Protein chains: 2
Amino acid sequence: MSLDRRKQIIDAAAKSFALFGYKATTMDQIAKIAQVGKGTIYTFFANKEELFNEILQQVILEMKHIADRESAEQRPFHEKVFRILDQALEFRSRHELAMKLSQELRDVGTPMAKEALNRLESELLTYIEAQLQAAMDRSELEQGDPRIMSFIMYQLYRSLTTEWNKLYEPLDKDTIKETFYKYFMKGILRVTPYESKDE
Amino acid sequence: MSLDRRKQIIDAAAKSFALFGYKATTMDQIAKIAQVGKGTIYTFFANKEELFNEILQQVILEMKHIADRESAEQRPFHEKVFRILDQALEFRSRHELAMKLSQELRDVGTPMAKEALNRLESELLTYIEAQLQAAMDRSELEQGDPRIMSFIMYQLYRSLTTEWNKLYEPLDKDTIKETFYKYFMKGILRVTPYESKDE
DNA sequence: AACTGACCGAAATAAAAATTCAGTCATTTA
DNA sequence: TAAATGACTGAATTTTTATTTCGGTCAGTT
């Protein structure tokens with residue numbers, strides 16, 4: 001019963017945050033959708049922020065599952081990293097909540113939205129960092145600071161997808177993939193199982 | 001005399017834009033500093049924007065001179081590119097006008113400030129692009145799209161300097177230099193005159 | 001004891017009033 | 001009489017005031 005109510009509230013909150021964003025979601029709104037008195041919400045969550053973090057945590061787990069599935073695949077390492085980045089950004093641009101938060105940050109600048117997106121980014125960086133460390137332990141990668149490496153990988157991928165489009169026409173996926181490999185992986189990979197096109 | 005007045009106006013405007021930014025600089029202010037009637041300004045410049053662009057053009061030229069000086073130096077190519085990026089960002093973080101415009105964009109979001117900074121960035125990208133094209137012609141570089149290359153170089157450098165500092169403690173200059181080389185140049189340089197530290 | 005929703009006031013938003021400033025143009029100056 | 005000026009205008013911004021919204025509480029209900 002208590003658990004049931006908790007779930008009702010979380011589901012209602014998730015729905016509302018995804019639909020209206022952080023700011024435009026009111027506690028009254030959540031209570032109404034959950035068919036629960038507003039006060040009841042405060043039995044389970046200290047405040048709006050805590051409730052939101054519960055939802056966010058679920059999203060982070062969801063993202064990690066996707067990445068885990070990818071890194072379990074039997075593929076060359078650089079291919080895996082590329083695909084994790086690809087799926088992560090894809091995830092963010094498909095998931096309603098992430099979408100809504102980006103829009104909210106852009107349009108209204110809600111600090112909570114910014115923090116949430118930073119958290120998502122930070123989790124991704126930590127994930128990639130661990131992957132790189134593991135690859136280094138397996139000697140698939142040159143030694144180096146995995147934090148710097150993951151950061152650069154993320155920034156490079158982001159540059160080629162999001163940032164590039166602010167100045168020029170979008171690059172097609174093959175070009176991005178090729179460029180990502182050519183200008184980055186080639187420089188740090190110890191073994192190079194990828195075929196260079198020219199010469 | 002006419003030329004004298006024009007110069008007076010430009011100098012006054014440059015001073016005021018650098019001191020107060022675009023928005024907070026008034027035409028009355030400029031006229032007062034230039035010791036000229038406000039109407040006189042409109043004899044030389046159609047409007048505030050045109051006057052501002054005149055100043056901006058001077059700044060762009062200034063930046064190009066610095067870059068030209070750098071690329072005239074007798075240094076390995078990757079070293080030159082690194083130093084041009086370094087000086088360009090340094091320039092932007094030292095030049096009063098550029099500084100003020102960044103602040104204005106951050107605090108008030110003046111569209112004109114944004115446009116001006118984009119213009120500065122765009123000019124830098126074009127400059128690097130030309131340098132890369134020239135290096136490719138001299139066979140110092142692998143063939144590739146110089147626009148993508150310049151964009152990535154810029155983004156990589158920016159990531160290591162500006163963006164990194166938003167999440168972590170700043171990297172020291174040697175680390176940045178080494179990383180810039182290790183993770184990027186190594187991947188596209190045909191000849192590698194740089195000594196790798198490890199192994 | 002678990003739950004509820006009317007209620008509170010801080011904070012956000014909207015409306016109204018006051019001010020600023022780019023650009024014009026009739027007047028002055030040399 | 002051409003060049004220079006600065007008082008003037010109204011659109012846009014800023015400041016002030018009025019109104020509404022909403023997170024959180026708690027007295028009352030089930």
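So you know, we letter chains A, B, ... as the sequences are listed, proteins then strands, and number each from 1. Because the structure is a prediction, the values reported are computed rather than measured. No hydrogens, no waters, no symmetry mates; every other heavy atom, side chains included, goes into these values.
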### Task
Go through the structure and list residues passing salt bridge (Lys or Arg N to Asp or Glu O under 4.0 Å) with A:Glu163, not counting sequence neighbours.
A:Arg158, A:Lys166

Pairs of donor and acceptor atoms involving the side chains of residues 26-39 of chain A, under 3.5 Å and at least two apart or interchain, shall be tabulated with distances.
| residue | atom | partner | partner atom | Å |
| --- | --- | --- | --- | --- |
| A:Thr26 | OG1 | A:Gln29 | N | 2.9 |

### Message
So if I take every side-chain heavy atom of A:Arg5 and compare against D:dT5, D:dG23, C:dT4, which nucleotide ends up nearest?
### Response
C:dT4

#### Entry: Enclosure of B:Glu115 CD (heavy-atom neighbours >12, cutoff 6.0 Å)
no

### Query
Linking Ile, Leu, Val, Met, Phe, Trp and Tyr by side-chain heavy atoms under 4.5 Å, what else ends up with B:Met99?
none

### Task
Using ring-ring contact (aromatic ring centres under 6.0 Å, His included) as the criterion, list what pairs up with B:Phe45, not counting sequence neighbours.
none

Interface polar pairs with nucleotides 7-12 of chain D, N/O, under 3.5 angstrom:
none

### Task
Kindly write out the residues that satisfy salt bridge (Lys or Arg N to Asp or Glu O under 4.0 Å) with A:Glu169, not counting sequence neighbours, or none if the list is empty.
none

### Summary
By nearest-heavy-atom nucleotide on DNA chain C, the more 5' of A:Lys23 and A:Gln35 is A:Gln35

### Message
How bent is the helix from C:dA1-D:dT30 to C:dA30-D:dT1, measuring the angle between the end axes built from five pairs each, rounded to 10°?
### Response
10°

### Message
Quick test of your reading of the model: are B:Glu96 and B:Lys15 salt-bridged, counting only N-O distances below 4.0 Å?
### Response
no

### Query
Which residues pass the ring-ring contact (aromatic ring centres under 6.0 Å, His included) test with A:Phe151, sequence neighbours left out?
B:Trp164

### Task
Grab the CZ-P distance between A:Phe44 and C:dA2 for me, whole Å please.
10 Å

### Task
Determine: side-chain N/O of A:Thr40 to OP1/OP2 of C:dT4, distance under 4.0 Å, yes or no.
yes

### Task
Could you identify which residues of residues 50-57 of chain A place a heavy atom less than 4.0 Å from some atom of DNA chain D, listed by residue number, or say none?
none

## Note on the structure
Those residues at least two apart in sequence (or on a different chain) that pass salt bridge (Lys or Arg N to Asp or Glu O under 4.0 Å) with A:Arg138 are A:Glu140

### Summary
With the side chain defined as heavy atoms from C-beta on, B:Tyr42 is closest, among D:dG23, C:dG23, C:dT4, to C:dG23

### Task
Using whole Å, report how far CG of B:Asn47 lies from P of C:dA22.
11 Å

### D:dT5 phosphate, OP1 or OP2, under 4.0 Å from B:Lys32 side-chain N/O
no

Review item, side-chain donor-acceptor pairs of residues 83-92 of chain B, under 3.5 Å, at least two apart:
| residue | atom | partner | partner atom | Å |
| --- | --- | --- | --- | --- |
| B:Arg83 | NE | B:Glu70 | OE2 | 3.0 |
| B:Asp86 | OD1 | B:Tyr157 | OH | 2.4 |
| B:Asp86 | OD1 | B:Lys173 | NZ | 3.4 |
| B:Asp86 | OD2 | B:Lys173 | NZ | 3.4 |
| B:Gln87 | NE2 | B:Glu70 | OE1 | 2.8 |
| B:Glu90 | OE2 | B:Arg94 | NE | 3.3 |
| B:Glu90 | OE2 | B:Arg94 | NH2 | 3.1 |

### Query
Taking ILVMFWY side chains as joined if any heavy atoms are under 4.5 angstrom apart, and letting links pass through other members, which residues group with A:Phe20?
A:Leu19

